[in-house]
Every structure is written in C-alpha cells, then in structure tokens.
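Shown next, in structure tokens, is the structure this report addresses.
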Amino acid sequence: MASWADYFDLLPDPIFLLILNRVSDIKTLLRCRSVSKRFNSLVPQADSLLLRVDRVISASDDGVSFLSALFKSLLDLISVNPNRLPNSPSQILRGFDAIRSLRIELPSGDLRLEKGTSIKWFARFGKTLESCVIFAFRNGAEPSGDNGGLKTRVVWTISALIAASARHYMMADVVSEQHFLSHLVVNDRENEGTVVMDKDGLREFRESGGGEEINGCGVWWRNNRTMVPAVAMRMRHEAKLELSGGMEMEGATLVIVRPVGGKEHSGDEWLVSEAFGEEGVYAEAVERLLNSRSYILEMNSF
Amino acid sequence: MVTTDEKGPLTAKKKSVIIRSCDGDEFLVSESAAVLSTSLKKILEEKEDRLIHLSDIDNKTLAMVIAYLSTHADDGLSDDLKRSFDQEFVSGKEFDVLKYLVLATDTLQVTCLCYTVAKKMADIMKNKLVEWVRREFDIQNDYTPEAEAEIRRLDAWAWDDRQLEDD
C-alpha cells in the first residue's frame with residue numbers, strides 16, 4: 001500500500017503535470033515553485049495556463065508594473081509609451097516553456113460607453129483581424145438622450161474594434177516567444193470582449209514577423225494596437241427587443257465584421273453562435289437580430 | 001470483449017473477474033466493468049486466470065474505482081446520468097482520498113476518471129499556502145532558507161496579500 005511517507009515519490013511526472021495543468025492559475029503555480037525542487041522543475045512544463053490579472057500592483061520599485069501598463073494601454077488608447085515595460089506578460093510567462101493553451105483574464109472590459117449601454121464583442125485574429133462579432137444594446141429601463149442612430153452604432157463598432165486590436169497587440173511578444181502556443185484567449189471578468197487566436201492564426205502571426213512589421217505603419221497609435229484592415233460590416237438592429245425573460249433591449253445592434261477580401265468565409269450564424277453560444281439572453285437576442293434586415297458598411301483600414 | 005450483460009449463473013461465473021487489493025480483500029467485478037480499465041483489459045486478454053492481484057492499490061481506493069467502473073459499464077444509465085455521477089463521485093472527497101485515487105486510476109489506466117480526479121485536486125490546491133501543499137503531498141522542503149527566499153523573490157508579484165488558505 002502506498003504509505004503516507006513516500007506519496008510524492010510515487011506520483012509519476014505525467015500525473016503530476018496533469019494536476020498542474022488543471023491548476024492552470026499562474027499565480028498558484030508560481031507560488032508552488034517554492035514548495036520543493038521537484039515542484040520547481042515541473043511547474044515550467046505546465047502547458048495549459050490561466051493568467052488572471054487581479055488588479056494593479058507594483059511588482060518592484062524599479063518602475064511601472066505590466067498590470068498598470070496594461071490598464072494604460074487599454075483604457076488610454078491615445079497614450080504613447082515607446083519604452084519596453086519592465087514587467088510585461090511575456091516576462092511573466094518566460095518562466096514557462098511548454099505553453100500550448102493560454103487564457104489571459106483581465107479584470108474588466110475596456111470600453112466606457114454611456115450609462116445603460118452594454119456591449120459585447122468576440123474577435124478572431126491571425127496576423128490581423130479575421131472576424132469580429134459585436135452586440136450592443138441599451139437597457140430598456142435607462143432613459144437615453146439620443147435614439148441610437150447610425151452614428152452611435154458606428155461608434156460602438158469602432159470602439160469594439162479598437163479594444164480588440166489593442167488586446168491583440170498586447171499579445172505580440174507572448175505569441176512570438178511561446179513557440180508551442182496553439183490556443184490563445186484574452187478575455188475579461190466582465191465578459192465584455194474576447195480575443196481568440198487559434199493554431200493557424202498564431203502561425204500566421206509568427207510568420208508575418210510578429211508585432212514589428214504589423215505596427216510599422218507610422219501612425220500615432222502604433223504603440224497601442226494593431227491595424228484594423230479595411231473591413232465590411234454587416235449591421236442589423238432593432239429599436240426594441242422584448243426577450244422571453246421579460247428583459248427589454250433598446251437599440252439592439254448586431255454587427256459582423258470581416259476584412260474585405262479576407263479568408264473568413266464562415267456564415268453569420270456560425271460566427272454568432274461561436275461568440276454568444278446557444279443559450280441565454282444574449283444568444284436569444286442575437287438569434288432574433290439575425291432575422292432582421294441587414295445592411296453592409298465598408299470602412300477603410302485604421 | 002463482452003458486449004452483453006450476463007444472465008444465468010453459469011455465464012455470470014464466466015464473465016466475472018476477481019480483483020484482490022493489496023490488503024488482501026477480494027472484489028467480484030463483471031468483466032464488462034473491468035475492461036473499462038485499459039490495464040485490466042490487457043491482463044484479461046493475456047491470461048486465463050480470473051483472479052487479478054493489485055499489489056499497490058488498497059481496499060478503500062479499489063472499492064471506489066470499482067464503483068466507478070460498474071456505473072460506467074451499466075448500459076441502463078444515460079450518458080447524462082454518468083456525467084452527473086462523475087461529478088458527485090469526486091465532490092465530497094478529501095484531498096487525502098483523491099491523491100491515492102489518482103495514483104490508482106493511473107495504474108489501472110482509467111483515463112476519464114484520472115482527469116476528473118486531477119481536476120478536483122487542482123481545484124482544491126488553488127489559493128492554498130505552500131505549507132499546505134507540502135503537507136498534503138508529503139513533501140520535504142529541500143531548499144535552503146536562502147534558496148527558497150530567492151525563488152519567492154523572483155515571482156514576488158504572485159505573493160500579494162490575497163487570502164491563502166491552510167485547510
């Protein structure tokens with residue numbers, strides 16, 4: 001019988017790694033490195049990780065931590081910071097050399113729209129945007145000044161695309177340094193936006209030479225986000241949606257964005273169900289919107 | 001490979017195996033349940049003997065694995081019922097029980113249960129103190145105090161004032 005005394009020696013490495021991969025939380029794993037030398041040697045082999053960004057902390061006294069930098073780059077898209085930050089996500093992940101699946105969870109969404117407005121977006125990226133599904137609406141209970149005209153809907157769309165490309169940009173170093181990475185998700189605890197890069201997208205990004213080339217376009221925001229290519233936006237909206245649970249949405253808008261001439265040929269239904277699932281209030285709302293009349297707007301690269 | 005459930009006493013005898021734990025207790029298990037373990041399946045394919053002796057799995061752990069195998073071999077249960085059985089199976093169990101269960105599922109190659117148990121162990125480990133991890137895995141701290149301090153210093157940001165648990 002396995003006795004209490006030799007348990008840890010009996011535990012084979014693969015099973016131990018199986019457990020560590022399910023712990024997945026990077027903070028827990030990093031703390032575990034100080035448990036023992038064997039722990040320390042196995043933690044870097046974990047291949048399925050979650051980096052949960054809790055709050056802004058100062059990691060050391062030698063400058064800005066990446067967490068506060070993250071906030072800066074996402075909340076203040078206009079700020080330009082040419083210096084490489086001392087404590088970046090890629091630096092944290094450098095302690096791991098076998099990452100295949102990575103999820104980075106930010107504490108909150110990036111967009112601060114007017115009160116009573118909710119927005120959710122889901123974007124796929126390769127070296128650049130492949131598709132983005134955006135759903136936004138106003139809470140029926142909130143009185144609003146304007147009626148949510150086309151201008152508002154375009155602002156929502158552009159805001160979501162900027163937030164998505166900022167998160168994509170943030171990952172450039174991680175993608176080029178983590179050679180085994182085959183699935184990357186960046187989302188937030190408020191469930192506002194999700195960036196996904198799959199195996200093909202990650203390869204395309206690496207082959208394109210990473211962030212340097214993409215951002216070498218000489219525009220003022222180049223330090224904060226990747227370029228959004230010229231896109232076609234299929235837009236649908238309803239002035240008022242009454243959902244089965246009694247919830248009311250005003251100005252409900254569904255926008256499906258694809259690059260002009262891009263390789264994304266998945267149907268609207270598929271993209272929408274990937275973004276919002278099959279169940280729940282959002283799934284119901286977007287399904288209703290899919291039946292609405294749609295029109296297409298085109299937008300230049302920005 | 002047995003595909004149908006035994007009916008009469010004669011076939012029942014033929015289609016069962018006896019599994020003996022390291023404590024010496026014997027368990028009568030239907031062959032359809034036993035073959036869900038890849039290791040047991042291999043043993044049964046190779047030898048005539050219907051008695052299998054497992055020298056590194058104790059009574060308590062073996063009884064749990066057999067309960068799992070028997071449930072999953074029951075064709076009368078839907079996949080949904082089996083899934084909820086799996087969740088309940090690990091939900092109330094102590095870490096000290098799970099850690100031997102994970103070893104047994106590895107030895108017996110019951111992959112699905114192995115993953116479920118590993119997941120549950122991982123959930124329990126989150127937010128635990130390093131001292132807790134050492135105690136539960138029975139690990140001797142083989143660092144010098146200086147080396148341990150250095151390791152902690154490298155990832156200082158992971159040691160914020162978040163509440164860590166010791167039980």
Side-chain angles (χ1 to χ4, degrees), chain A residues 1-41 43 46 48 50-62 65-68 86-87 89 91-96, chain B residues 21-23 54-62 96 98-100 102-107 111 114-143 147-162 164:
Chain A
M1 181 183 167
S3 80
W4 172 247
D6 55 11
Y7 177 78
F8 193 54
D9 295 332
L10 286 176
L11 191 64
D13 282 357
I15 297 298
F16 191 35
L17 275 170
L18 197 69
I19 298 168
L20 292 183
N21 280 330
R22 277 153 186 75
V23 168
S24 106
D25 175 53
I26 286 185
K27 269 192 182 178
T28 303
L29 291 174
L30 289 178
R31 287 195 303 266
C32 277
R33 296 181 69 155
S34 63
V35 167
S36 75
K37 288 177 181 168
R38 184 173 174 217
F39 250 94
N40 189 34
S41 71
V43 162
S48 173
L50 164 65
L51 178 56
R52 195 177 271 133
V53 179
D54 289 321
R55 58 193 171 85
V56 179
I57 55 162
S58 194
S60 56
D61 27 33
D62 61 341
S65 78
F66 107 81
L67 302 177
S68 61
N87 203 353
Q91 205 172 328
I92 283 170
L93 295 166
R94 243 161 248 168
F96 298 89
Chain B
S21 74
C22 66
D23 309 316
L54 299 170
S55 59
D56 52 6
I57 302 179
D58 64 274
N59 266 340
K60 194 175 146 195
T61 309
L62 185 56
D96 198 34
L98 296 169
K99 70 184 192 183
Y100 291 111
V102 84
L103 277 184
T105 58
D106 180 45
T107 306
T111 315
C114 187
Y115 286 6
T116 311
V117 175
K119 172 79 171 72
K120 180 66 184 174
M121 291 173 76
D123 288 346
I124 297 176
M125 280 173 70
K126 281 173 196 164
N127 294 336
K128 289 291 194 284
L129 283 168
V130 163
E131 289 72 19
W132 183 95
V133 177
R134 283 192 191 124
R135 201 170 56 236
E136 290 295 318
F137 279 99
D138 189 50
I139 297 167
Q140 293 296 317
N141 179 9
D142 50 5
Y143 284 120
E148 186 180 343
E150 175 62 14
I151 288 270
R152 292 196 185 209
R153 196 189 60 77
L154 286 175
D155 302 308
W157 72 278
W159 297 85
D160 61 7
D161 57 4
R162 172 216 299 243
L164 298 176

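These numbers come from a predicted model, not from an experiment. Just so we're on the same page: letters track the sequence lines, and every chain starts at 1.
B:Thr107 contributes a side-chain N or O that, together with a main-chain N or O of B:Leu103, makes up a donor-acceptor pair within less than 3.5 Å. Side-chain atoms of A:Arg52 never come within 3.5 Å of backbone atoms of A:Asp25 as a donor-acceptor pair (strictly under, hydrogens ignored).
Salt-bridge formation is not detected for the pair A:Arg31/B:Glu148: no Lys NZ or Arg NE/NH1/NH2 atom is positioned less than 4.0 Å from an Asp or Glu carboxylate oxygen. Salt-bridge formation is not detected for the pair B:Glu131/B:Arg135: no Lys NZ or Arg NE/NH1/NH2 atom is positioned less than 4.0 Å from an Asp or Glu carboxylate oxygen.
For the pair A:Arg33 and B:Tyr143, the cation-pi test (distance below 6.0 Å, angle within 45°) is failed. Because its NZ or CZ atom is both nearer than 6.0 Å to the ring centre of A:Phe8 and within 45° of the ring axis, A:Arg38 counts as a cation-pi partner of that residue.
Interface remark: B:Gln140 contributes backbone atoms only to the contact with chain A (heavy atom separation under 4.5 Å). If you measure heavy-atom distances from A:Leu30 to chain B, the contacts under 4.5 Å come from both the backbone and the side chain. Residue B:Asp155 touches chain A through its side chain alone, counting heavy-atom pairs closer than 4.5 Å. For A:Ile26, the part lying near chain B is the side chain, with the backbone staying farther off; criterion is any non-hydrogen pair under 4.5 Å.
The candidate from B:Asp123, B:Asn141, B:Asp106 with the greatest count of non-hydrogen atom pairs under 4.5 Å with chain A is B:Asp106. Chain A forms more heavy-atom pairs under 4.5 Å with one residue of B:Leu54, B:Val117, B:Val133 than with any other, namely B:Val133. Among A:Ile19, A:Val23, A:Val35, the residue with the largest count of heavy-atom pairs under 4.5 Å with chain B is A:Val35.
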